[in-house]
2 protein chains.
Amino acid sequence: MEKDLFGICPYTTAQKVLSGKWSIIILYHLGKKTMRFGELQRQLPDLTQSTLTKQLRALEENGLIERKIYPQVPPKVEYSLSYIGIKFKKVLAELAIWGNEYIETLKDKNC
Amino acid sequence: MEKDLFGICPYTTAQKVLSGKWSIIILYHLGKKTMRFGELQRQLPDLTQSTLTKQLRALEENGLIERKIYPQVPPKVEYSLSYIGIKFKKVLAELAIWGNEYIETLKDKNC
DNA sequence: ATACATAGTATCTAAATAAATACTATAGTG
DNA sequence: CACTATAGTATTTATTTAGATACTATGTAT
């Protein structure tokens, strides 16, 4: 974990964890259930394998998700929300409500 | 507003609005009260004037905040949350709770 | 006449983030 | 022996985002 990345402000802390293009949607999918790498990738066809790997590593470093490796061939790796990742589901729920309202207001403006 | 930026998924939509380094904290400050440019900048000493301008323009383009210009010299411009920006305060509230919990879990790990 | 205050713009550079593409390891299967 | 499946890594390139710095306009006050 990088030093000094997180201070005492919950907002700037949250921003650091959430910035980027994929964190929220990945957390959403893992919030539904534990998934293997390939399964998650099929849910998210718009990012490449290497990008997904990086995003997952970042979320893992930040403590939001857990990575369980099964010593098998072919490899099996499962991703799931950590304790604090599970807590994030309450934010996701509000975000979903807000996001839908937001989309509605855009429609009203014919955007 | 850029075309095709927002689809039908509330999570990817929210991610687009929130990504970047400053959106959440700016929305938080404007959620407390309407502020002038300079006042907001004093709350956020870690970003330059030109960066703050860009962030505010982006939030305005995305419909989260409103910009009111008073025809005076020296100029006076007030920023405030829009209708949908006010709705975002519920997300901010959950984010604050979560962010504080997150900070606590980091402390437990001596990070 | 000069300086001040406010809210910018303009330009350039740097840093961060994401994407594209090719490559790898290995047990099991036909 | 060749082929498959899975979850990657490595490297390079492109794109996006943020930062640094200098500059602007103008009414009022000194």
Side-chain angles (χ1 to χ4, degrees), chain A residues 1-6 11-13 15-27 29-30 34-62 64-80, chain B residues 1-6 11-13 15-27 29-30 34-62 64-80:
Chain A
M1 177 104 44
E2 225 176 304
K3 281 86 200 137
D4 291 342
L5 238 186
F6 305 104
Y11 300 105
T12 54
T13 300
Q15 179 93 64
K16 279 166 189 148
V17 171
L18 300 181
S19 68
K21 281 173 81 167
W22 304 104
S23 50
I24 290 172
I25 190 76
I26 290 174
L27 292 173
H29 283 295
L30 293 181
T34 293
M35 281 187 211
R36 295 180 61 177
F37 185 91
E39 191 178 5
L40 194 49
Q41 198 178 15
R42 282 188 288 279
Q43 308 290 314
L44 301 163
D46 292 343
L47 77 183
T48 62
Q49 191 178 39
S50 74
T51 298
L52 179 55
T53 299
K54 282 180 219 155
Q55 302 294 322
L56 290 169
R57 290 291 188 283
L59 288 170
E60 192 192 0
E61 282 217 336
N62 287 337
L64 281 268
I65 66 174
E66 274 157 20
R67 184 159 168 269
K68 184 170 181 188
I69 303 167
Y70 293 84
Q72 301 179 357
V73 170
K76 175 176 176 180
V77 179
E78 279 183 351
Y79 290 92
S80 57
Chain B
M1 177 104 46
E2 228 176 301
K3 281 87 201 137
D4 292 344
L5 239 183
F6 305 105
Y11 300 104
T12 53
T13 300
Q15 180 92 65
K16 278 167 190 150
V17 171
L18 301 181
S19 67
K21 281 173 81 168
W22 304 106
S23 49
I24 289 172
I25 191 76
I26 290 173
L27 292 173
H29 284 294
L30 293 182
T34 294
M35 280 187 212
R36 295 180 62 177
F37 186 90
E39 192 178 4
L40 194 49
Q41 198 179 15
R42 282 187 289 278
Q43 308 291 314
L44 301 164
D46 293 342
L47 79 182
T48 62
Q49 191 178 38
S50 76
T51 299
L52 179 54
T53 299
K54 280 180 221 159
Q55 302 293 322
L56 289 169
R57 289 290 187 285
L59 288 170
E60 192 192 359
E61 283 218 337
N62 287 337
L64 281 269
I65 66 175
E66 274 158 19
R67 184 162 169 267
K68 184 171 181 188
I69 304 166
Y70 293 84
Q72 302 179 357
V73 170
K76 175 176 177 181
V77 178
E78 279 183 352
Y79 291 91
S80 56

Original post:
Are OP1 or OP2 of C:dA7 and a side-chain N or O of B:R67 less than 4.0 angstrom apart?
Top reply: no
**OP:** Would you indicate, yes or no, if C:dT6 has its OP1 or OP2 atom less than 4.0 angstrom from a side-chain nitrogen or oxygen of B:R36?
**Re:** no
For [X], give me all partners under side chain to side chain donor-acceptor pair (under 3.5 Å), at least two apart in sequence or on another chain.
| X | value |
| --- | --- |
| B:Q43 | none |
| A:Q41 | none |
| A:E66 | none |
| B:E78 | B:Y70 |

To the nearest Å, how far apart are [X] [atom1] and [N] [atom2]?
| X | N | atom1 | atom2 | result |
| --- | --- | --- | --- | --- |
| B:E60 | C:dA7 | CD | C1' | 14 Å |
| B:F37 | C:dA5 | CZ | C1' | 14 Å |
| B:Y79 | C:dT6 | OH | P | 15 Å |

**OP:** To the nearest 0.5 angstrom, please state how far the CD1 atom of A:I26 sits from the CD1 atom of A:I65.
**Re:** 7.0 Å
**OP:** Would you give the length of the straight line joining atom CD of B:E60 to atom OH of B:Y79, rounded to the nearest 0.5 angstrom?
**Re:** 7.0 Å
Original post:
Which part of the nucleic acid, if any, lies within contact of A:Y70, taking any heavy atom under 4.0 Å across all strands shown: a base, the sugar-phosphate backbone alone, or nothing?
Top reply: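 Result for A:Y70 = nothing.
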Subject >> Outermost DNA chain D nucleotides near chain A [under 4.0 Å, heavy atoms] >> reply: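 Both ends considered, the range comes out as D:dA5 to D:dA10.
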Original post:
Can you name the ring pair (Phe, Tyr, Trp, His ring centres under 6.0 Å) partners of A:Y11, sequence neighbours left out?
Top reply: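 Per chain and number, A:Y11 pairs via ring pair (Phe, Tyr, Trp, His ring centres under 6.0 Å) with B:Y28.
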**OP:** Specify the closest pair of heavy atoms between B:I24 and A:Q15, including all atoms of both residues, with the distance to one decimal.
**Re:** N-OE1, 2.7 Å
Give each protein N/O atom lying under 3.5 Å from an N/O atom of nucleotides 27-30 of chain C, with the pair distance.
none

Original post:
More 5' along DNA chain D: B:L47 or A:L56, using each one's nearest nucleotide?
Top reply: A:L56
Output a table of donor-acceptor pairs, distance under 3.5 Å, between side-chain atoms of residues 49-57 of chain B and any protein atom two or more places apart or on a different chain; print 'none' if there are none.
residue	atom	partner	partner atom	Å
B:T51	OG1	B:T48	OG1	3.0
B:T53	OG1	B:Q49	O	3.0

So which protein N/O to nucleotides 11-18 of chain C N/O distances come out below 3.5 Å?
residue	atom	partner	partner atom	Å
C:dA18	OP1	A:K21	N	2.4
C:dA18	OP2	A:Q55	NE2	2.8

Subject >> Which residues share a side chain to side chain contact (heavy atoms under 4.5 Å, CB included) with A:K21, sequence neighbours left out >> reply: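 Counting only residues at least two positions away or on another chain, A:K21 forms no side chain to side chain contact (heavy atoms under 4.5 Å, CB included).
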Original post:
So do B:L59 and B:S23 actually touch side chain to side chain, heavy atoms under 4.5 Å?
Top reply: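 B:S23 reaches B:L59 side chain to side chain.
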